[in-house]
Each structure stands twice: as structure tokens, then as C-alpha cells.
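For reference, the structure is listed below as C-alpha cells.
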Amino acid sequence: FLSTLKLRQFPSALIYDPISRAMTISFGLDGVREEVQKFLEGRLHPSDKLARVQELDKESYRIRCASGSKGRLEECKWALVLATNAAIEANQDKLLGALRTFAEACRTFHTEHMDLHATASCFWLRSDREAEWKALLRRQGMGESPEVAVAAFSFQSSVAILATADVSEGTSSQMATWFNSTLSEEPAASAYLASLPTLPWPVGPTEEPAEGGAAQVTRETRRVLAGPWLEHAVRDVMRMNNEDRIMVAGAGTCCVFLVLYLLWSCCRGGRNRNLSEAQVMKSLVPILQVNLSRQDGERLGMGIGSGERDCLMVTGISKGDVIDRHNAAEPNEARRILEGDRIVSVAAAASGQRAATFREMSGVLKANNSVSVGLVTARSAAMLQRSVFMLKLQDVPLGEADLRPPALSCGGAADDRGVEIATVGAGLAAWNEARWKDGLCCTQRLQVGDRIISANGNTDVRPQLAKGPSPLLLVARWWPVGSVEADRFEVSIERPSPEDRLGMHLRVIVGLPHYQVVEVFPEGVVARRNAASAGGRQILPGDRIVATNGAGDTKAMEAELQKPAVALTIERWVDRNGQGAAWSVAAPAAPLDGVVAKVLCALAASKATASPSATPRGGGGRRSCCGPALNYLVGPLGLLMCLAVSWDDISKIGIQRCLQGELMDPKRYVKLALTALGVGSLLVVHFLWYEISMLSRPLERGTCSQLITVAAASACLGYGNWFLRTWAFA
């Protein structure tokens with residue numbers, strides 16, 4: 001900043017005004033006191049660009065207006081004031097902008113209206129600092145939210161006039177026009193007050209409010225971008241030869257790619273963490289377990305390829321082999337393995353080994369004669385129907401059930417945090433038995449294989465386990481088609497008085513056009529009706545309200561439920577098989593408790609063709625471009641290691657002098673060159689190893705991470721070669 005002033009001699013005195021960005025420079029110290037006093041007292045020439053604004057406090061007003069002469073008092077007959085609140089004062093840029101507009105209005109007014117110039121001075125008031133002044137501005141018409149307000153005060157006549165919001169937030173010319181009209185006309189009677197508040201004390205240096213964090217970051221960023229560093233960098237690059245320019249451009253490009261990649265990774269991670277219930281429900285499909293057995297020397301007769309999310313894609317079936325014979329003998333078409341199906345897990349019957357990745361599943365299929373295959377197919381709609389329901393474990397913790405990663409259902413990205421019921425504990429089994437005996441809907445029991453979509457509204461279920469009993473669960477379950485049926489009946493309810501509540505906890509399940517009864521409270525009208533109709537039709541947890549007074553839309557039903565007389569159409573799901581399991585599948589060869597590997601799959605798009613109580617089923621896949629975690633870090637770590645090993649030498653040489661080829665000790669370049677070439681070679685080896693390892697899993701290959709690795713390798717090899725060449729020709 002001082003270098004831009006081009007001072008001709010020293011010492012020099014500089015008076016800088018941050019509001020108007022104007023300054024005065026005095027060479028030597030003679031007359032500095034007079035210049036400062038002149039500025040504080042407002043004795044400026046109309047052509048001076050320094051701001052005519054002082055803070056309205058006891059000290060500033062005394063210097064400006066009460067210096068003892070009649071002329072000084074006459075200049076402060078009117079005080080033109082800009083009042084600001086704490087919100088704008090925390091943002092330095094906005095505050096300076098408002099003060100700059102106000103200062104320009106004062107300068108225009110003093111220049112164009114010389115007859116009124118000697119009767120008014122301009123001040124700045126922090127309204128939130130003094131409650132009396134803030135209350136005065138409110139009484140004169142200032143609202144609650146405005147950040148700035150322009151006013152005129154006469155301390156001699158006790159007059160207060162507030163400008164309109166259009167003037168306060170307008171341009172400097174609008175303010176100057178308002179100053180002229182206000183001071184030229186006789187004030188209205190409402191402007192006269194008994195007295196004005198006492199002036200505040202000056203603000204000390206340690207009492208200045210702190211600038212807001214966001215505003216400070218924005219201001220510092222602007223300052224850095226506007227600094228001379230960019231000009232100096234361009235000048236240094238222009239002095240280099242073409243080879244050095246290309247090297248610098250390559251390093252800059254690598255840095256840009258690295259920053260963009262990190263931002264992209266953070267954004268993608270944020271999207272994956274916040275899956276909603278609707279997103280999870282849309283992607284869920286069942287996994288069918290198909291058992292296959294063969295003799296030694298027999299072929300399965302199945303062509304496989306790599307599918308999305310590490311699945312095995314069935315590309316063809318050979319005639320006469322094991323799978324072809326299995327398809328011919330299997331009466332249920334959904335359990336046949338056909339071209340286009342996806343295999344998401346393979347379990348060995350003998351050893352209990354279970355695999356869920358492309359390479360591991362291929363190995364298990366080749367090494368074992370008896371396996372259980374997890375199959376995802378659109379044909380499952382003809383075999384299974386899905387139900388989604390709310391279930392509240394009354395006084396029972398979710399810890400009563402053992403959980404496992406999803407094995408009987410597939411939900412794409414939701415599988416990373418999804419859980420299924422592996423086993424049911426004694427306490428939960430007794431709770432299920434009591435619910436069955438009470439005649440509740442068959443969805444109001446937690447069973448092995450149930451997929452928990454959310455607990456207490458959170459799709460990340462596991463952290464909810466430690467939050468005590470009675471969690472509210474959103475559960476998905478698949479039933480064999482035709483094993484459940486919807487029992488519909490009508491129930492009429494009348495409120496004795498408008499103050500009586502129905503006493504039901506109702507929830508709308510995402511994607512379904514009806515209410516589900518989650519809980520019936522004992523003090524409500526519904527509970528009293530249930531007690532009066534013992535042995536008859538009752539409203540129980542798990543029931544679905546599909547219509548209210550004939551209205552079938554949820555919004556319309558909400559309005560109808562407020563009426564004194566309500567006719568409810570209730571739907572209750574009944575299991576034809578009594579208390580049986582939801583759907584029968586071959587259990588995995590080994591328990592899944594503690595299995596860390598995720599069930600990865602591609603989701604087959606399908607449309608449900610089930611009974612009216614079934615829920616439409618959809619699917620979609622999320623392609624995983626994640627390779628080993630090391631592959632994301634090896635590039636940046638290589639560069640950091642290179643800098644760490646050689647930083648002592650680089651700091652001694654100096655980066656700018658190093659790039660310009662000014663050698664201090666040529667021997668140091670050998671260490672720099674060997675370090676950079678060594679790290680670059682390691683990155684190249686890692687790049688090639690990763691490419692070779694991904695030949696069998698092409699869809700798992702991470703392109704972005706490889707770009708980072710090759711960019712880091714290029715930078716290390718390029719700089720290593722440059723250091724070596726510079727040393728050789730020194």
C-alpha cells in the first residue's frame with residue numbers, strides 16, 4: 001500500500017479516510033497537528049474528497065460543534081445522521097458502502113447548497129449501542145428490520161426528523177435532495193420533542209464489535225485476489241524459457257484437478273449420506289436364494305460378466321448343463337436363472353464361505369459343487385409382493401433382535417447402512433406372540449428377514465439402537481403372492497364434544513395414499529369405542545385408514561377427521577398361514593452377523609403386479625467408481641512425501657530462484673531430482689498395478705483417482721528430470 005503512494009521524501013504524514021478512500025500527504029511533520037484538527041472539526045474545502053462524517057458521541061460533537069465560538073455552534077444547528085444496526089456493523093464491506101453513500105451525499109449537499117452549508121454537520125450513529133436513541137428512531141417511524149436509517153436532529157430546538165426507507169436505502173443524490181428540503185422547510189409539529197437523548201460516550205479501541213466470520217473471509221479473499229502477487233507471478237513466468245513455462249503450467253493444472261476432485265468427492269459423499277425414506281423405498285428389491293448342486297467335472301453352464309455394483313451378470317445359459325437342467329425342473333419361473341439376471345451373493349454349502357464381490361463370487365462358484373446363489377430378477381414380481389408399514393416396538397428395545405447387513409433384499413446405495421432382522425430374541429418373540437393373540441394386523445410383528453428402512457425417521461438405523469425402547473420403525477417385508485389378503489370393514493365414531501380427541505397416532509407412509517394407525521392412546525374416543533365393542537370390530541395398531549366419510553385423499557381425510565361424526569374405511573392385512581414366516585428362502589450357508597462386506601448389486605427395474613395391498617416396486621443402480629482407498633490417497637501423498645523429504649533443500653534454494661535457475665549449491669539438486677524421480681516411479685508402478693488388477697473388474701475401475709495418480713506422477717517425473725538436467729548443465 002505504501003509503495004503505491006510513491007512518497008518523495010521521509011518522514012511523511014498520511015491522513016487516510018477509509019470511507020471515501022481519499023487521503024492527504026504532508027512531507028515533514030510541520031503542520032500535521034493543524035491538518036488533523038482541521039479534519040476533525042470539519043473545516044474542509046468543498047473540493048476536498050475526505051469524508052465529512054464523524055461518529056456521533058460526546059467527544060466528536062465537542063470537537064466539531066462545541067469549540068467555544070459562536071460560529072462553531074452555528075455549524076451544528078442541524079446534525080445529519082446515518083444510523084446503522086449491529087447486523088450491518090458486523091459486515092465491514094456493507095458498512096463502508098453505506099457510509100460511503102452517506103458521505104458522498106453530505107459532500108454534494110455542502111457543495112451545492114452553500115446557504116445551508118454552515119448550519120449542518122454529518123455524523124454516524126450506532127443505533128443498537130444506545131437504547132434511548134434506538135427507541136427515539138422507532139418512535140419516529142423506523143421499522144424493526146432496516147439496517148440503515150437517515151435522520152436530521154436539531155439539538156438546539158429538540159427536533160427529530162426521520163427520512164423514508166426509500167431515501168435511507170437510496171442513492172447519494174436522493175439523500176442530498178432530502179437534506180436540502182428538510183433544512184429549508186419548517187419542521188412538522190410532530191418533529192418537536194421535549195428533549196433529545198444524551199450523546200453516547202466514545203467507543204474505545206477494545207470495544208469495537210468483531211466482524212462476522214463470513215464477511216471477514218470474503219473481504220480477505222478479495223484483498224488477496226486484488227493483491228500484486230498475480231502480477232508478480234505473471235512477470236516471473238514471462239522471464240522463463242518455454243520448457244520452464246510448460247513445467248509450471250503442468251504443476252498448476254495438477255493442483256486445479258486435485259482441488260476439483262476433492263470438491264467433487266465431498267459433494268458426492270454428502271449426497272450419499274442423506275438418503276430419504278422415499279429414496280430407499282424406491283430402490284428396494286428382493287433377493288431370491290437359488291440352490292445349485294453339481295457332480296465333480298460337471299459345468300454350471302452359465303456365462304458371466306461384470307455388472308454394476310460388483311454383481312455377476314448372467315450373459316448366457318448353455319444347453320444340457322447344470323443350470324439348464326435346474327431351469328427345466330424348476331416349476332417357479334422366478335427361481336430360474338436366465339440371461340440378464342444378476343447374482344449379488346454366492347454362499348458355499350459345505351464350507352460356509354460367502355462372497356459378495358465379483359472376484360470372490362467367481363471363485364466360490366468354481367471351487368464348490370453346492371452353492372446358494374442370491375438372484376435379483378424382475379420376475380420376482382410374479383412370486384412376491386412387498387408391504388411397507390410402520391411398527392412401534394412398545395417398551396421393547398430394538399436390541400432384542402440381532403441385525404445383519406442386507407441379505408434378502410437389495411437397495412443400492414441404501415445397503416451401505418441398511419439392516420435386516422437376523423434372529424428374534426426371547427423378549428421380542430413374546431411381544432410378537434402377544435400382538436398375534438390380540439388380533440393385530442400381521443404387519444405388527446417383527447420377523448426374520450424384515451428390512452428396516454428407518455428408525456425414528458432416520459435411515460441410518462444402527463445409531464438408533466442405543467436410544468432406548470419403543471423405537472418407531474419403517475419396515476419392508478416381502479410375502480409370497482396370495483399369502484396375505486386385505487380385510488376391509490367400516491367403523492363409525494362420534495365425538496361426545498368437540499374437545500374430545502380421537503386418540504390415535506396416525507402416519508402417512510411415503511408413496512401410499514392412506515393413513516396407518518401407529519398407536520391407539522388409552523384416553524381417546526377410539527380406545528373407549530374399542531372397549532365398548534369387545535369381540536367386535538376394533539381399530540388397532542397397524543390398521544390402514546383408506547377412506548374417511550368417503551374421502552380417499554390424505555388431505556381430504558385430514559379435514560374429515562376433525563368432524564364430530566366420522567365413518568372410517570379400515571383395511572387390515574391378514575396372513576392366511578396364521579403366524580407363519582413372511583417368505584421362505586434358503587438360509588445363507590453361514591450366519592451373517594458381523595459380516596462386514598456390503599451386499600452390492602444392480603437393481604432390476606420392475607413393476608409390481610400384485611394384489612391391491614401390494615406396493616409398487618422400483619429399482620435402479622448406483623455405479624461404484626470406488627477402487628481401493630489407497631488409490632485416492634497415493635497421488636497427493638506422493639507429492640507431500642516429495643515435498644517433505646526435500647523441503648529443507650527447497651527452502652534453502654528458494655522456490656522463485658529455483659524456478660529461475662539461480663543455483664546456490666548445485667549438489668542439492670541431485671537429492672531433489674532423485675527424490676522426485678523415486679516418488680514418480682512409485683506412482684507409475686501403482687498406476688500400472690491398479691490398471692492390471694481392474695482388467696477383471698472393468699466397471700469397478702475408478703477413473704478420477706487414476707487421473708490424480710497420473711497427474712502426480714507426471715509432476716514428480718517432470719520436476720525430477722528438470723532438477724537433474726539443471727544440475728548436469730550447471
Side-chain angles (χ1 to χ4, degrees), residues 387-409 418-458 461-480 483-485 487 503-507 509 516-524 526-527 530-531 533-544 570 572-585 587-588 591-594:
S387 61
V388 179
F389 51 90
M390 304 294 298
L391 174 62
K392 187 169 185 178
L393 297 179
Q394 292 285 0
D395 301 324
V396 178
L398 191 53
E400 285 285 339
D402 292 331
L403 305 179
R404 67 187 178 196
L408 304 180
S409 61
V419 294
E420 285 181 353
I421 301 299
T423 60
V424 176
L428 187 56
W431 184 81
N432 285 340
E433 178 74 16
R435 307 277 278 188
W436 177 62
K437 291 181 178 179
D438 290 340
L440 270 68
C441 176
C442 61
T443 61
Q444 296 303 291
R445 303 188 295 272
L446 206 58
Q447 300 178 355
V448 174
D450 285 352
R451 172 71 177 256
I452 301 179
I453 298 175
S454 69
N456 299 323
N458 194 332
V461 177
R462 291 190 181 275
Q464 306 298 317
L465 297 179
K467 293 190 176 181
S470 304
L472 181 60
L473 308 179
L474 180 62
V475 182
R477 180 185 299 169
W478 282 267
W479 308 79
S483 63
V484 293
E485 61 182 5
D487 179 20
M504 292 187 297
H505 178 192
L506 303 180
R507 284 287 300 269
I509 300 177
Q516 179 183 323
V517 180
V518 177
E519 187 177 2
V520 177
F521 301 113
E523 66 276 6
V526 173
N530 288 345
S533 59
R537 290 293 193 178
Q538 300 179 347
I539 302 176
L540 303 174
D543 291 348
R544 304 192 178 196
I570 304 296
R572 182 179 300 166
W573 286 27
V574 180
D575 184 4
R576 291 180 176 178
N577 300 323
Q579 203 178 357
W583 58 293
S584 176
V585 296
L592 294 180
D593 300 325

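Just so it is clear, the structure is predicted and the values come from calculations on it, not from any experiment.
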Please check if any side-chain donor atom of [X] sits under 3.5 Å from a side-chain acceptor atom of [Y], or the reverse.
{"X": "Gln538", "Y": "Ser533", "result": "no"}
{"X": "Ser409", "Y": "Arg451", "result": "yes"}
{"X": "Gln516", "Y": "Arg507", "result": "no"}

- For Ala455, the side chain to side chain contact (heavy atoms under 4.5 Å, CB included) test, sequence neighbours excluded, returns Val461, Gln464, Leu473
Excluding sequence neighbours, so at least two apart, what forms side chain to side chain donor-acceptor pair (under 3.5 Å) with [X]?
{"X": "Ser454", "answer": "Glu277"}
{"X": "Asp438", "answer": "none"}
{"X": "Arg572", "answer": "Asp543"}
{"X": "Arg537", "answer": "Asp487"}

What's the shortest heavy-atom distance between [X] and [Y], and which atoms?
{"X": "Pro541", "Y": "Arg435", "answer": "CB-NH2, 4.1 Å"}
{"X": "Ala422", "Y": "Arg404", "answer": "CB-CD, 3.7 Å"}
{"X": "Val520", "Y": "Ile539", "answer": "CG2-O, 3.7 Å"}

- Message: Does Arg445 qualify as a cation-pi partner of Trp431, given the criterion of NZ or CZ under 6.0 Å from the six-membered ring centre and within 45 degrees of its axis?
- Response: no
- Begin with the C-alpha distance, continue with both residues' side-chain angles, and end with the deciding distance and a verdict on side chain to side chain contact (heavy atoms under 4.5 Å, CB included) for Cys442 and Val484. CA-CA 9 Å; Cys442 61; Val484 293; 4.3 Å; yes
Using 0.5 Å steps for rounding, measure from the [atom1] atom of [X] to the [atom2] atom of [Y].
{"X": "Leu446", "Y": "Leu428", "atom1": "CG", "atom2": "CG", "result": "5.5 Å"}
{"X": "Asp450", "Y": "Leu391", "atom1": "CG", "atom2": "CG", "result": "8.5 Å"}
{"X": "Arg477", "Y": "Trp573", "atom1": "CZ", "atom2": "CH2", "result": "10.0 Å"}

- Does the side chain of His505 reach to within under 4.5 Å of the side chain of Phe521, using non-hydrogen atoms? yes
